[in-house]
Asks: 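I have a structure I would like to understand better, so I am pasting it below and will then ask my questions one at a time.
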Amino acid sequence: MEPIENIEAIIRKKLHAKADVTLHDRVLARVRRAYQHEEHTTSALCEPAVRRSIMKSPITKLAVAAAIIAAVVLGLFEFIGGDGGSGVVWAEVAERLEASEAVIYRVTLSHSTLGDNAPDYSMSYLSATRSRQDAYKGAEVTQSIYCDFENETVAWVGHEMKRYSQQAMDEQTRREQHGAWSNPTKWVQEFLSRDYTELGQKTIDDELCDGIEITDPTFVTATFAVETLVARVWVSVETGYPVLLEGDMSGGGIRISGTLDQFQWDAELDESLFEPEIPEGYEET
Amino acid sequence: MLDDRILLWRLKRGSPRALRRLYGKVEADLLTLATNLLGRSDRAEDVLQDVFIRFIESIETFELTGSLKGYLAKCVANRSRDLMRRDRSRPTGPLELAERLAAQQPGPLQRAMASEQRQRLSEALGRLPYEQQEAVLLHLQTGLKFREIAEVQDISLKTAESRYRYGIDKLRSMLNGQADK
């Protein structure tokens, strides 16, 4: 008989059993039955909230709507390249986003109850401890919202009405805003429990992207009962960063749809950007 | 590790997709380990199923400290050892495993040689003291570190390393002894 020279390599690589299809299906079916009988923690999706105390104006309703859309689409990041192997590795996307200290992005939104009051778009600036959102009509900034999660304050400045408000965040707002805005990984994890549909690839702004979609209305809790939902996320195959996020939800006669794009991930943001700018002569609300 | 943490998080929230993914990820390695430890594929199937169901039943309170595969491999080793102790009978080599593996080889000559090598190795593994066989298979087939093997077998790190080394030396001795026959 020939001697066996490399015993360790043979044990490591060659002495493998492979489950045939019947065995695989049989065991997996039994395990799944056991799994279905177990009770699991339900996904506790947060409602991105700017509380009623400062949200009486149509403009602030818009901010809530933007937050909802952002929550839906931000949470989808982690799905990229997940179980389906779309080409973008979700774990790498997650790590990349976790490492991104700050991000800038554009929000374009339509809200059925706002009509002409809706701005054309908003620019959002988000760091680990602060956020700012400027709403635009044409080239003019119509309102700004500043959140300071360390000092737990929220400020709103309405340029069209020349009014502003500054107040402490209540506990719920602090928790929800912090979860929504400062740590996308939290959102990512919240959404990981849901199934999604792969959309394949398409080119967006000259970048080849992988896309996925989710349509389960229970995916998000909004300020109204969501009856229909379509949310999509597109990630650049080359960079692994999200390029376009799309969301559309409706219920109770309300419909919100929008996109997040023009991302600048891992951006360097000056702290002064987050200091509320209140022009002279503005009245406090 | 991130992959495992997120898989576990999804499992705790009732994701069937996560269950399929975890099962598909570890099935082959765990089945190999159980088959080699027990020498019987029917028993290996039972062990695989028992381990997964027990894992699922404890999922709500389960805390991950290493890799999921490492944890499940330890469970397979413990469950296999329980079965072996209960049966008090040790089958010889897993011949059916060698036969199954033979079909994966490219040419008739290579296939025959590889099959013969594996069969001899499987039989030799079956003649090792069980603790040594377990140490060898856990280290080489599931990638467990000696520290983890020591935990599984409730022994010191040095003893785990020794069991592995003695096992490999005995295999080499058995197989090289046969080479001259």
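No experiment lies behind these values; they were computed from the predicted model shown. Within every chain, numbering begins at 1; the chains are lettered A, B, ... in the order of the sequence lines, protein sequences first and strands thereafter.
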Asks: What residue, out of B:Glu57, B:Glu45, B:Gln141, has the most heavy-atom pairs lying under 4.5 Å from chain A?
Replies: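 When all of B:Glu57, B:Glu45, B:Gln141 are compared, B:Glu45 has the most.
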
Asks: Does atom CZ of B:Phe62 have more than 12 heavy-atom neighbours from other groups under 6.0 Å away?
Replies: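 It does: B:Phe62 CZ has more than 12 such atoms within range.
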
Asks: So, B:Glu134 versus B:Gln153: side-chain donor-acceptor pair below 3.5 Å or not?
Replies: yes

Asks: To the nearest 0.5 Å, tell me how far A:Glu246 CD sits from A:Ile204 CD1.
Replies: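 Here the rounded value is 7.0 Å.
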
Asks: Looking at B:Phe146 versus B:Tyr164, is the centre-to-centre ring distance below 6.0 Å?
Replies: yes

Asks: Can you tell which part of B:Leu33 gets under 4.5 Å to a heavy atom of chain A, answering side chain, backbone, both or neither?
Replies: neither

Asks: At a heavy-atom separation under 4.5 Å, does B:Asp29 approach chain A through its side chain, its backbone, both, or neither?
Replies: side chain

